[in-house]
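Everything below concerns the one structure shown next.
Every number for a ligand or one of its atoms is a count from 1 in the order of the listing. The structure presented is a predicted model; accordingly, all values stated were derived computationally and were not measured.
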Amino acid sequence: MHVPFNNLFEQYQNIKDCIDNAITDVIKDSAFIGGKYKSRFEEEFAAKYDVKHCVSCANGTDAIYIVLKMLGIGVGDEVITAGLSWISTAETISQAGARPVFVDIEEDYYTIDPQKIEEKITNKTKAIIPVHLYGQPAEMEKIKKICEKNNLFLIEDCAQSHFSTYNGKYVGLFGDAATFSFYPGKNLGAYGDAGCIITNDSVLAEKMRMFANHGALTKHEHLIEGINSRLDGIQAAILLAKLPFIDEWNQARIENANYYNKCLADIPFITTPKERKNVKHTYHLYVIRAKWRDELKEFLHRNNIETAIHYPVPLPFMKAFSYLGYKESDFPILESCSKEILSLPMFPELTQIQIEYVTKVIWDFYQR
Ligand SMILES: *Cc1c(COP(=O)(O)O)cnc(C)c1O
């Protein structure tokens with residue numbers, strides 16, 4: 001049996017007519033850049049989040065950069081974020097001209113540890129970017145309090161957490177703005193790069209819309225220097241076609257996670273993911289902790305099971321950020337967990353038979 005890490009072709013086959021029609025419509029209307037599908041996607045995504053504005057852009061990395069720039073964050077400023085994430089969360093802080101400040105994560109949940117945030121706040125700190133990693137919401141109540149107390153912007157990186165909830169409310173609605181990626185493998189994915197920002201702040205929304213469009217709201221009226229970061233029509237139409245299925249797909253991921261938890265419960269040397277109380281974790285990734293992780297990964301590969309590591313090198317330990325001068329011992333949880341985390345196959349179409357096969361191979365590994 002082969003168990004892929006994700007299976008986007010199977011998802012396509014299940015909704016082929018919707019996707020094919022969506023693409024054809026864009027071509028018929030020549031609505032390739034801007035146009036009605038892009039606007040309609042922004043409206044429907046905002047409506048589903050019950051938020052005032054959705055500003056689409058080219059990808060989830062630009063989304064963070066656009067928010068930072070339009071909040072006025074730049075040279076001389078510091079932005080606090082989690083030590084475990086995709087590089088976008090940190091590199092956009094530097095791109096804006098500011099300095100990324102990393103905080104260790106919570107051992108059980110892999111999200112930024114609110115207990116360790118305040119010691120990193122200085123008079124240069126302007127914002128905190130929690131990342132709802134793997135689909136698990138960060139500890140928003142505490143983080144929000146810290147932001148309010150210290151007068152900091154709160155920007156949520158929701159690239160891995162479409163429609164996850166915390167205390168019954170969608171993550172992405174807790175701060176000044178939230179950013180999304182629709183990279184193909186994300187829970188809601190386009191067929192190429194795509195991203196957006198949601199916010200209830202109308203002034204900020206207008207600035208971001210302008211900045212992402214060469215600094216213009218009306219053609220040829222460039223009020224500021226901006227960038228070119230657009231969601232193209234075909235991606236917008238594909239996202240519109242997929243949006244009605246997201247709840248069902250997230251539910252299927254949750255059921256797969258529950259089945260994994262049940263199957264893997266008795267295997268020694270591995271730990272299944274823990275969920276924070278009062279959240280809906282949408283399992284963009286199903287991440288276990290495993291002893292002899294690298295050997296297990298290799299064994300699974302030899303048995304046709306594809307796995308991944310998110311992420312093998314935590315951000316403060318990356319060469320790219322060596323200029324910040326961090327030591328591994330500054331981040332004890334990152335240091336230990338990065339050697340043990342392993343992402344097992346996870347996607348809505350994954351079957352119980354496949355999960356049982358993964359379980360069997362993991363058992364075989366530890367019984368050798
Ligand atoms: C995927 C991802 C991004 C960036 O999204 P792109 O669309 O690939 O630019 C940012 N942050 C996190 C946590 C991500 O997983």
Side-chain angles (χ1 to χ4, degrees), residues 5-6 8 41 45 54-69 79-96 100 102-103 105-106 109-112 127-138 140 143 154-164 171-172 174-175 177-198 208 212 227-232 234-236 238-239 242 250 253 281-287 308-316 318 320-321 334 338 341 343 346-347:
F5 189 68
N6 197 347
L8 295 174
F41 174 71
F45 197 71
C54 168
V55 177
S56 60
C57 61
N59 56 68
T61 309
D62 280 3
I64 307 169
Y65 176 66
I66 292 165
V67 174
L68 289 168
K69 287 291 281 186
V79 177
I80 291 176
T81 192
L84 192 65
S85 184
W86 177 238
I87 190 166
S88 307
T89 323
E91 73 186 348
T92 48
I93 297 170
S94 316
Q95 277 161 21
F102 298 116
V103 172
I105 56 168
E106 292 183 274
Y109 309 121
Y110 307 107
T111 50
I112 191 167
I128 301 180
I129 313 182
V131 182
H132 306 299
L133 201 70
Y134 309 153
Q136 169 111 276
M140 293 315 290
I143 297 168
L154 175 54
I155 305 161
E156 294 172 82
D157 183 341
C158 297
Q160 302 190 4
S161 60
H162 310 75
F163 303 102
S164 294
V171 295
F174 286 83
T179 63
F180 290 84
S181 165
F182 305 113
Y183 178 84
K186 300 283 159 85
N187 285 24
L188 180 62
Y191 285 177
D193 278 312
C196 81
I197 305 143
I198 60 170
M208 295 192 298
I227 60 171
N228 173 12
S229 184
R230 304 186 277 232
L231 171 66
D232 74 62
I234 287 183
Q235 302 309 336
I238 289 166
L239 290 168
K242 285 187 169 197
N250 276 346
R253 286 175 183 271
H281 183 327
T282 51
Y283 291 95
H284 171 55
L285 297 166
Y286 183 87
V287 178
I309 300 170
H310 300 87
Y311 296 89
V313 185
L315 296 170
M318 263 186 196
F321 295 109
L334 284 180
S338 60
I341 50 179
S343 309
M346 171 54 81
F347 48 96

Revision key, fill the gap. Closest to atom 15 (O) of ligand 1 (heavy atoms only, candidates His132, His284, Gln160, Glu91) is Gln160
Check your understanding: Does Tyr109 OH have over 12 foreign heavy atoms under 6.0 Å away?
Key -> yes
Review point. Do any N/O atoms on Asp193 end up under 3.5 angstrom from N/O atoms on ligand 1?
Key: no
Practice item. Using distance alone, decide if ligand 1 has a nitrogen or oxygen within less than 3.5 Å of any nitrogen or oxygen in Gly60. Key: yes
Review point. Using 30° and 60° as the class limits, which term best fits the ring planes of Phe180 and His162: parallel, tilted or perpendicular?
Key: tilted
Check your understanding: Is Ser85 in contact with ligand 1, taking contact as a heavy-atom separation below 4.0 Å?
Key -> yes
Review point. For the rings on Phe182 and Phe41, is their centre-to-centre separation under 6.0 Å?
Key: yes
Exercise for review: Check each heavy atom of Asp157 against ligand 1 and say whether those closer than 4.0 Å belong to the side chain, the backbone, both or neither.
Suggested key: side chain
Exercise for review: Determine the sole option in Thr179, Thr81, Asp157, Thr61 for which the side chain to side chain donor-acceptor pair (under 3.5 Å) test with Thr89 is passed.
Suggested key: Asp157
Revision key, fill the gap. the protein heavy atom lying closest to atom 4 (C) of ligand 1 turns out to be Ser88 OG, 3.3 Å
**Study point:** Nearest non-hydrogen protein atom, atom 12 (C) of ligand 1
**Key:** Ala159 CB, 3.4 Å
Exercise for review: Could you give me the CA-CA distance, side-chain angles and deciding distance for Tyr134 and Tyr110, then say whether ring-ring contact (aromatic ring centres under 6.0 Å, His included) is met?
Suggested key: CA-CA 8 Å; Tyr134 309 153; Tyr110 307 107; 5.4 Å; yes
Review point. Are a donor atom and an acceptor atom from the side chains of Glu156 and His132 found within less than 3.5 Å of each other?
Key: yes
Review point. Using the ring of each side chain (for Trp, its six-membered ring), is Tyr283 parallel, tilted or perpendicular to His281, with breaks at 30° and 60°?
Key: parallel
Review point. What protein heavy atom is closest to atom 9 (O) of ligand 1, reported as residue, atom name and distance in Å?
Key: Thr61 OG1, 2.4 Å
Check your understanding: Does ligand 1 have a heavy atom under 4.0 Å from the side chain of Val131, from its backbone, from both, or from neither?
Key -> side chain
Check your understanding: Polar-atom distance check: Ser181 versus ligand 1, any N or O pair below 3.5 Å?
Key -> yes
Practice item. Report, in ascending order of atom number, the atoms of ligand 1 lying under 4.0 Å from any heavy atom of Asn59. Key: 7 (O), 9 (O)
Check your understanding: Which word best sums up how the rings of His310 and Phe5 line up, parallel for under 30°, tilted for 30 to 60°, or perpendicular for over 60°?
Key -> parallel
Review point. Is the shortest N/O to N/O distance between Lys186 and ligand 1 below 3.5 Å?
Key: yes
